[in-house]
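In what follows, every heavy atom counts, from backbone to side chain, and hydrogens, waters and symmetry copies are set aside. Just so we're on the same page: letters track the sequence lines, and every chain starts at 1.
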Number of protein chains: 2
Amino acid sequence: MERRSINVKIGSMTAKKQRTERRSDALSKERIVAAAIEILDTEGESGLTFRALAARLATGSGAIYWHVADKNELLAATTDHVIARVMTRVIGDAEPSEAIRAIALGVFDAIDEHPWVGAQLSREPWRTAMLQIFEGIGGRLQRLGVPEAAQFDAASVLLNYILGVAGQNAANARIAAGDAARTDRMTFLGAVAARWARLDAAEYPFLRQVSAQFPKHDDREQFLAGVALILAGIATVR
Amino acid sequence: MERRSINVKIGSMTAKKQRTERRSDALSKERIVAAAIEILDTEGESGLTFRALAARLATGSGAIYWHVADKNELLAATTDHVIARVMTRVIGDAEPSEAIRAIALGVFDAIDEHPWVGAQLSREPWRTAMLQIFEGIGGRLQRLGVPEAAQFDAASVLLNYILGVAGQNAANARIAAGDAARTDRMTFLGAVAARWARLDAAEYPFLRQVSAQFPKHDDREQFLAGVALILAGIATVR
DNA sequence: ACCTGAACACCGTTCAAGT
DNA sequence: ACCTGAACACCGTTCAAGT
């Protein structure tokens with residue numbers, strides 16, 4: 001099948017020697033995860049089916065189950081993969097609060113690139129991806145001098161805030177993708193703002209007021225502003 | 001069908017006169033939403049299918065589509081219904097920061113009761129449910145004296161934090177429900193903590209330390225501590 | 001040990017046909 | 001106007017059979 005030629009570049013770079021000596025393009029969890037990420041990025045969450053994945057890997061759909069327990073594990077593995085990359089890139093000896101900002105931003109940008117991660121992160125908690133983020137944040141809070149009794153709560157606020165934003169970005173991307181196939185960011189925000197502006201003035205005064213700033217605002221900046229606000233609150237207890 | 005007798009109590013209390021004069025137990029969006037909520041509460045998200053819903057309503061599965069566009073709208077309507085109840089209960093003239101705490105807690109408790117709401121809230125944003133929460137928070141921030149330029153960011157942090165926690169609670173409930181059918185809260189938390197304690201000490205020092213406090217901690221208290229932390233951060237800019 | 005692909009038990013959604 | 005329920009086009013998952 002000519003599909004094979006596409007797959008050559010998918011695996012772990014070149015066809016380095018596998019543990020088994022079978023065909024060099026043998027299936028492996030890594031190749032499956034890589035292919036799944038490609039599908040998720042290009043076709044969206046609904047595009048990832050075992051049939052589509054099998055077709056891309058030029059194999060039978062049942063073969064995937066030899067390497068992966070089920071779709072849940074597959075999705076969790078793709079999320080872990082994306083987040084693990086982010087976290088290794090973020091490792092460094094920056095000043096703690098700066099490091100926290102870097103972690104948050106790294107996750108934000110990763111989700112901007114792979115919106116489906118935002119949904120998955122919340123769906124399967126206590127997996128490697130979340131633990132790495134939590135650990136990264138918690139460690140910096142310790143070095144920041146947050147008293148031990150407050151560290152757990154402080155790390156939790158930051159983590160949950162990040163998860164909340166992640167979920168929203170995933171949802172927005174899903175909506176934008178569905179909308180006439182080619183709605184860009186600005187027109188999407190504009191449409192939301194316009195809808196808010198049309199809301200009942202008595203019932204939604206705040207939303208109407210805010211609708212004016214909405215199209216101008218930058219999600220990434222607002223996300224960072226939120227992190228700063230939370231860090232300011234944490235500074236209060238140390 | 002004897003199912004009918006069950007359904008009598010499901011609708012809008014007693015069979016008040018309908019707009020149409022047909023059978024008093026005629027289908028309506030409200031009855032469908034109420035039945036869907038019952039299924040979601042008792043069988044979980046995966047239990048809500050159009051076939052199950054139709055069976056409970058003693059009708060054909062196609063009939064539901066006369067009142068509801070598709071499953072997405074059905075889920076959004078159930079979420080709006082649950083959150084709307086919370087928000088009307090919360091309305092009052094409490095001191096602003098106290099009102100914000102009440103809104104947050106109201107949403108938290110609603111999700112504790114209907115875990116699926118936590119997942120749905122993030123899945124379909126910019127719907128009535130989220131707008132009501134956002135408006136409620138934003139309005140109190142104004143009254144709290146937060147400068148106008150900071151109101152949007154401040155309301156967003158709080159909203160996203162709530163959404164993050166909501167998503168986690170939904171996921172935890174889903175896991176607990178799957179686990180041997182009858183894992184209670186404490187043993188679930190204990191299991192998570194035990195797993196954390198077993199993590200590599202070099203890679204996850206923070207998680208290992210925190211694992212000791214984890215079983216003792218109260219999600220609700222921790223949620224409130226997070227709200228307080230964010231409010232403290234917001235107080236910084238006013 | 002690993003892969004194949006037909007088969008199974010479901011889904012959401014549609015739609016001709018009824019009342 | 002509203003409801004019925006068979007039919008359609010999918011799913012994830014299993015498993016006997018192959019190499």
Collect all protein-nucleotide pairs involving nucleotides 12-16 of chain C in which both atoms are nitrogen or oxygen and the distance is under 3.5 Å.
| residue | atom | partner | partner atom | Å |
| --- | --- | --- | --- | --- |
| C:dG12 | OP1 | B:Lys71 | NZ | 2.6 |
| C:dG12 | OP2 | B:Phe50 | N | 3.1 |
| C:dG12 | N7 | B:Arg51 | NH1 | 2.9 |
| C:dG12 | O6 | B:Arg51 | NH2 | 2.8 |
| C:dT13 | OP2 | B:Tyr65 | OH | 2.9 |
| C:dT13 | OP2 | B:Lys71 | N | 2.9 |
| C:dT13 | O5' | B:Tyr65 | OH | 3.2 |

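Every residue was checked against the side chain to side chain contact (heavy atoms under 4.5 Å, CB included) condition with B:Ser46, not counting sequence neighbours, and none meets it. Under the side chain to side chain contact (heavy atoms under 4.5 Å, CB included) criterion, B:Ser122 pairs with A:Gln168, B:Leu163, not counting sequence neighbours. In this structure B:Asn169 satisfies the side-chain hydrogen bond (donor to acceptor under 3.5 Å, both in side chains) test with no other residue, sequence neighbours excluded.
For the pair A:Trp66 and C:dC3, the criterion of a side-chain N or O lying under 4.0 Å from OP1 or OP2 is not met.
Distance CG (B:Leu53) to P (C:dC11): 12 Å, rounded to an integer number of Å. As a whole-Å value, the separation of A:Leu27 CG from D:dT19 C1' is 15 Å.
Each salt bridge (charged side-chain N to carboxylate O under 4.0 Å, His left out) pair with one or both residues in residues 161-172 of chain A, not counting sequence neighbours, would appear here, but there are none. Every pair passing salt bridge (charged side-chain N to carboxylate O under 4.0 Å, His left out) that includes a residue from residues 62-77 of chain B is listed here, sequence neighbours excluded: B:Lys29-B:Glu73.
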Table please: side-chain donor-acceptor pairs of residues 113-121 of chain B below 3.5 Å, with sequence neighbours left out.
| residue | atom | partner | partner atom | Å |
| --- | --- | --- | --- | --- |
| B:His114 | ND1 | B:Asp41 | OD1 | 2.8 |
| B:His114 | ND1 | B:Asp41 | OD2 | 2.9 |
| B:Trp116 | NE1 | B:Asp41 | OD1 | 2.7 |

In residues 190-203 of chain A, what donor-acceptor pairs under 3.5 Å come from side-chain atoms, sequence neighbours left out?
| residue | atom | partner | partner atom | Å |
| --- | --- | --- | --- | --- |
| A:Asp200 | OD2 | A:Glu203 | N | 3.2 |

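Between B:Trp126 and A:Phe214, the ring planes are perpendicular. Angles over 60° get that label, and only those under 30° would be called parallel.
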- Task: Quick one: the dot-bracket string of DNA chain D, using Watson-Crick and G-U wobble pairs with both distances under 3.5 Å, [ ] for crossing pairs and | for bases paired to another strand.
- Result: ||.|||||...|||||.||

